[in-house]
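Reviewing the structure listed below.
When a residue number appears, it is its place in the shown sequence, counting from 1. Atoms within a ligand are numbered from 1 in the order they appear, just like the ligands themselves.
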Amino acid sequence: MMQGLSGHSAKVVKGRSWRACLVVVLGLMLFMSGKESAQATTGVGPYVVPEVLDSNGDPNIVETWIVADEATVDIGNGNGMTTKVMAFKSCAALDATCAAKVGTIPGPEFRLKVGDRVIVHFVNHLNVSGLTPEANVSGIHWHGIELNNQSDGTEVTQPAVAPGGTFTYDFTVSRPGIYWYHPHHHSSTNQVAKGLYGSIIVKDDKGYEDRLIGKGVIPPSDQTKTLVLSDITVCNAPGAGTNPATFAGDLPHVSGIQSWEINYQNHILTQSPLILCEEYPLDANGVYTPNLYVAGDVPNIQSPGLIGPMSEGFTVLTNGVNVGGRAGTPSAPGALAAGASTLDVQAGQGLRLQIVNPSPVRYVRLRLTTKSGDKIPLIRIGGEGGLLDYALVEGGFTASGFDTKYRRGEILLPPAGRADVVADIPKNVAQSSVLTLWTEDYQRVEATYSWIPTVPVMHLKVSGRAATAYEIGNGTKVLARLGGEAMVKVLGAATGGLVLDSGEQGSLDKDIKLTFSNNIGAFQPSIDRVPMPRDFDGMASGNPFYLESARHATLSNTMELTVTNMTGAHHPFHLHGFSVQPIKLTPRAGIPGGSYMFQRKEFRDIVDVPANYTLTFRVSLDDRKKIDGSTAGGGIGRWLFHCHILPHATFGMMSELHVH
Ligand SMILES: [Cu+2]
């Protein structure tokens, strides 16, 4: 059985169909009338991302206009159907060229080095007809960047940008790594689900990475790819009574359940396109609105209630495009679907993948296999906080008995997670064979899987042989090769704790609890059982935030805190403004299971906390300049922390760290 659509039309390598020609013709026709047509999302296929247009001549400043708008794109979902999404575009000026430009999924990538100043003039052109202005507000959160509080882009740092409005973000990047950007205000769950996200790659400014490339430790830039792996749900024509055929109904499933579609549609936490588009459509304010969607629409998923849609999107996208299916399973792959997109690689080369998961809910669990199903280990060399000292193979059971719930040599990215990964393409792999990178289901809800099928996210076609064979393995020196100050810094013991001035609302408890009920007993994702307003719009609307669960601390201190997951499901914990150094995961008292000591020192802003586990981390509350670029104190302010399964955050699993 084919995975993914047969006859699907992503077009990067070959097999340009008549549909592609039609798109070109339509494009020319529309170009003549001054408007571009629908396009393959990035315009070039799934293995390339567009880049930001920099209008500033200073090599240490990247300045651009970023516009959030609606766009009609081709996500490669077959039958020539176009999809109406929300997308970012980058412009050098706000002119007619910009007005005619169509946004892309993902949005344009920022390529920066440590110390660069970033000036972004954000423009909100979202104006979904029939919706209230409140539903179309937006902004940009620079996920993981340790920037000034004024530029953090959340409801507690700035009023939401109204349709037609602008806001200028101005900050300096201080840490190498892979980051991303997305809206964070009211309706942001819908906006991310519809395509508003983009990647940010920050290189070090000391030449470390270039030296490691020179030494052959890291593959060169032409063997490095950004992979923004997301998912999206697209509606069929109303009345069709079926889900859009983005994949077949009897795909292999890692939980062993074959007739997964029945489970998928009936699962209490799961919403199929049929449910989201036809049976229970929600407008952007979360109000049930019959007959809201037509074919090609992306349905809203954000509910204003205590609970609502919180399932994975139906179609998996690689840089905004479905790469096309493959028959069989990861361990016994079959034929590629017609029109599937492949990327040429050479036997024996290294392939570096800089991966971002902006999905609202989906855990991306990656396995790379050869055409005979042999696993090629995905070796992590870095991620959210730059390169590691030593390369790391993750997965499997650890020596202390901790079960990662994915195989050794696979990579797991929870929602909002990033990884810098290298694969060593075997020297002896058959010429013209195709290797496939698959994403599999993950047991993120302890008792069960999410009932999502295994699908390809990248196909690699072996064409030729590398002159020099690349080699890397677990423990290969990365930054350690350079030693000294290139090595990842280790945060020392705490120099300060939580504080609470008289008159402030907050908690002095160093253990932040992720909870699934609130203080009136209702089922609600929350922090310390204290719900946050679900509107995500506290400051602009004047809604008070419930601050009993807020933590207060003092600038420049190092703190050691814990996060305890009191629920039966995984939650990816995200702190704004300050990357944390994770130390260990330990089971709650009386809960079976081994501890996990983080094997390499690194800085992260997303740490997945398994059900009934406690995360211990350290964080240094380092200052930075304010948005004016000259005054100290940019680290002072209100910084959100929350679960990055976006519906959980929206329902209330969110609070804040006030830095004084
Ligand atoms: Cu969560």
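Looking at H571, its N, O or S atom nearest to the Cu ion (ligand 1) turns out to be ND1. Closest N/O/S atom of H648 to the Cu ion (ligand 1): ND1.
Residues R380 and E602 are paired through a salt bridge, judged by an N-O separation under 4.0 Å between the basic side chain and the carboxylate. Using a cut-off of 4.0 Å between Lys/Arg side-chain N and Asp/Glu carboxylate O, E548 and R529 are scored as not salt-bridged.
In this structure, R175 is positioned above the aromatic face of F603, its NZ or CZ under 6.0 Å from the six-membered ring centre and within 45° of the axis. Seen from the ring of F598, K584 does not count as a face-on cation partner, given the 6.0 Å and 45° thresholds.
Taking 2.8 Å as the criterion, H644 does not count as a coordinating residue of the Cu ion (ligand 1), since none of its N, O or S atoms falls below it. Checking H570 against the Cu ion (ligand 1), every N/O/S atom stays at or beyond the 2.8 Å cut-off.
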